Amino acid sequence: MIYSIQKRFEDFFLFTAELSLFAMRYFREAFRRPFEINELLRQCYNVGNRSLPLVALTGFIIGLVLTLQTRPTLQEFGAVSWMPSMVSISIVREIGPVIVALICAGRVASGLGAEIGSMRVTEQIDAMEVSGTNPFKYLVVTRITATTLMLPMLVILGDTLGLYGSYIVENTKGDVSFMLFFNQVFDALEYQDIVPATLKTFLFGFAIGLVGTFAGYTCKKGTAGVGRAANSAVVIASLLIFIIDFMAVVITDLFYEL
Amino acid sequence: MKTADTEHRTPGGTDRRRPVLEIKGLNKAFGSNKVLNDFNLTMYHGEIVVVMGRSGSGKSVMVKCLVGLMKPDSGEISILGRDMINISSGELDELRADIGFLFQGSALYDSMTVRQNLEFPLRHRKERKELTENMEEVVTTALDQVGLAHTLDLMPEELSGGMKRRVALARALILKPELMIYDEPTSGLDPITSKEIIQLMKHIQQTHNTSSMVITHDVDCARVIADRIVLLINGRNYAQGSYEDLAASEDEEIKAFFKT
Ligand SMILES: Nc1ncnc2c1ncn2[C@@H]1O[C@H](COP(=O)(O)OP(=O)(O)OP(=O)(O)O)[C@@H](O)[C@H]1O
Ligand SMILES: [Mg+2]
């Protein structure tokens, strides 16, 4: 029992160390020639293409549900007119980034884990290496960069559709016009809502790409290995997203207290 | 055992004295599993050396050490006169253009078409102008050579195992390497396809004037193409010689390979 707990701790620290080394290798190789621009663009397209419909739909539904659920409470206090501000702050600050990141962890990180994992298992990565292409650069750097760049855009899309969903509820239930609703939305948002929220989405994207490619790149031989790579990619990416989110909130808080 | 240099199977113009590959005292262990244990081998220009050994005897590990996919624990490897152990990564990339490697499982990039697979080794090879500037032609010729010109725009998943192996062969050959390494080129193929692949390898050896190392379990394959056979047993170069020499051996370990 004690032994297995100790083993788990060891495994955890070992994993963290390896993941950090992998991240450092990314920064070392990302800024060195040759740059794989075509592959980067293709990966950006893939990330967007894979998660766009899901992000759009989920964002929209979250906006609808959030508004429907909070409406009665606000009504009780006679504060329904605060609805747009409340919704905009909660979606832009917290719900939008986290939900979109979690969707991408499920969709993109697992895809990367499985894709690169199966390339590892079938020796395609070795084949790249012997043919003079640096597989880390070609496969890992491009994909991590792609998720880092694309996640903020997906979050903006998710946020927008979430707000639109909320507007539809307000419009049907409370006769709020489009102009009025979005005027209030933008009035409520301040610099300190938007900047930290956007910065952390880059980190979410980085975490998703990093964990997905790491799981695949270090995949164990055999088809079971590929399954495990995909699975652990989702679990660890999701966990990391919450950790980053927590730290981002703490840091932002410190910043604006000063 | 003596080396079989008496019978020349490759056409003239090859220099049997010039070593293309020298392995000295190669050691590699995974934990307590000692896979290679003082393995030595020298290969000369124009030669086809067949390495035989039981499954799990470390043949794939040995060739992976050769091309730098694995780091040996100790030992010396020199390929085409270059020290492979203390090589910089830039030089290694350059040297790899002169080594063709056929993987045991073909290892075609399954997200790319056959054409893109063949073009891949030509990326970042600006020094080979004559090849990169006529990419289209180079690719079609290479594919033609293995008799698969019609598969140019197919995906690997649309090919049979034998076709994949041939495409992989065309890909390994595309930079016209001086040294070819085949890891079990005929494993998992039916006897007829195996024969075709063997003929193809022989043909390549003659037309490209390469040197080849072939890893195989297939005694027939070894008999047909080997200038010299090396037996990898217990991590060592247990015995080497021509097919006839080894097949006539009285040693029990050696006999086990050749009785049919
Ligand atoms: N990455 C690795 N980690 C640990 N052990 C390994 C690794 N690669 C190979 N081995 C071990 O090395 C030994 C030799 O493996 P290798 O793949 O070289 O065999 P082989 O001679 O090519 O066999 P086959 O004919 O089946 O391909 C095996 O016992 C294997 O378990
Ligand atoms: Mg093998």
Side-chain angles (χ1 to χ4, degrees), chain A residues 25 28-29 32-47 49-50 108 111-143 146 212-213 216-223 225-226 229-230, chain B residues 30 60-61 63-70 79 84 89-112 116-128 131-132 156-157 164 167-175 177 179-181 183-184:
Chain A
R25 185 164 172 203
R28 248 196 341 263
E29 304 218 9
R32 225 185 266 161
R33 282 171 183 285
F35 304 116
E36 305 280 3
I37 301 292
N38 285 337
E39 181 66 10
L40 173 64
L41 293 178
R42 197 164 60 235
Q43 290 312 320
C44 286
Y45 174 80
N46 275 351
V47 172
N49 194 30
R50 266 190 218 162
V108 179
L112 290 180
E115 184 195 11
I116 298 185
S118 71
M119 292 187 77
R120 167 64 76 197
V121 169
T122 57
E123 300 188 312
Q124 292 175 49
I125 294 183
D126 290 341
M128 268 184 194
E129 188 154 356
V130 293
S131 69
T133 292
N134 179 343
F136 192 90
K137 215 168 224 172
Y138 188 82
L139 296 172
V140 176
V141 171
T142 52
R143 281 160 176 78
T213 50
Y217 211 71
T218 53
C219 176
K220 295 271 174 342
K221 288 275 150 111
T223 33
V226 177
Chain B
F30 297 99
S60 297
V61 168
V63 289
K64 280 181 186 167
C65 288
L66 294 187
V67 290
L69 286 174
M70 275 186 190
I79 295 183
M84 285 292 288
S89 69
E91 281 178 326
L92 181 60
D93 273 348
E94 241 170 70
L95 182 55
R96 276 172 172 163
D98 292 321
I99 307 172
F101 196 104
L102 182 66
F103 281 85
Q104 193 162 353
S106 299
L108 293 180
Y109 308 126
D110 48 24
S111 60
M112 302 181 198
Q116 288 164 338
N117 262 283
L118 293 187
E119 282 172 356
F120 202 87
L122 298 170
R123 295 154 30 87
H124 310 311
R125 291 285 180 208
K126 297 215 177 57
E127 73 276 11
R128 308 246 164 157
L131 294 178
T132 49
E157 72 215 23
K164 275 188 200 155
V167 172
L169 187 53
R171 187 180 68 181
L173 285 167
I174 203 136
L175 285 169
L179 173 64
M180 269 302 297
I181 298 173
D183 194 355
E184 313 218 9

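Everything numeric in this text was worked out from a predicted model, so none of it was measured. Chain letters run A, B, ... following the sequence lines, proteins first, then strands; residues in each count from 1.
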Chemist: In Å, rounded to the nearest 0.5 Å, how long is the span from CD of B/E119 to OG of A/S131?
Modeler: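 The distance works out to 12.5 Å.
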
Chemist: Tell me which of these, B/L69, B/D93, B/I99, has more heavy-atom pairs under 4.5 Å with chain A than the rest.
Modeler: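 Of the candidates given, the most pairs with chain A belong to B/L69.
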
Chemist: For the OH atom on A/Y45, are there more than 12 heavy atoms of other groups (residues, nucleotides or ligands in this structure) within a distance under 6.0 Å?
Modeler: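 Atom OH in A/Y45 is not packed in, count stays at 12 or less.
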
Chemist: Start with the C-alpha gap between A/E36 and B/R123, add the side-chain angles, then the distance that decides, and say whether salt bridge (Lys or Arg N to Asp or Glu O under 4.0 Å) holds.
Modeler: CA-CA 11 Å; A/E36 305 280 3; B/R123 295 154 30 87; 2.8 Å; yes

Chemist: Which atoms of B/M112 are under 4.5 Å from chain A, going by heavy atoms: the side chain, the backbone, both sets, or neither?
Modeler: side chain

Chemist: Verify whether the ring centers belonging to B/F120 and A/Y138 lie closer than 6.0 Å.
Modeler: yes

Chemist: Need one label for B/Y109: side chain, backbone, both or neither, based on atoms under 4.5 Å from any heavy atom in chain A.
Modeler: both

Chemist: For B/L108, is it the side chain, the backbone, both, or neither that has a heavy atom closer than 4.5 Å to a heavy atom of chain A?
Modeler: backbone

Chemist: If you check every heavy atom in residues 120-129 of chain A against those of chain B, which residues fall under 4.5 Å?
Modeler: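 So far as heavy atoms go, A/T122, A/E123, A/Q124, A/D126, A/A127, A/M128, A/E129 are the residues that approach chain B to under 4.5 Å.
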
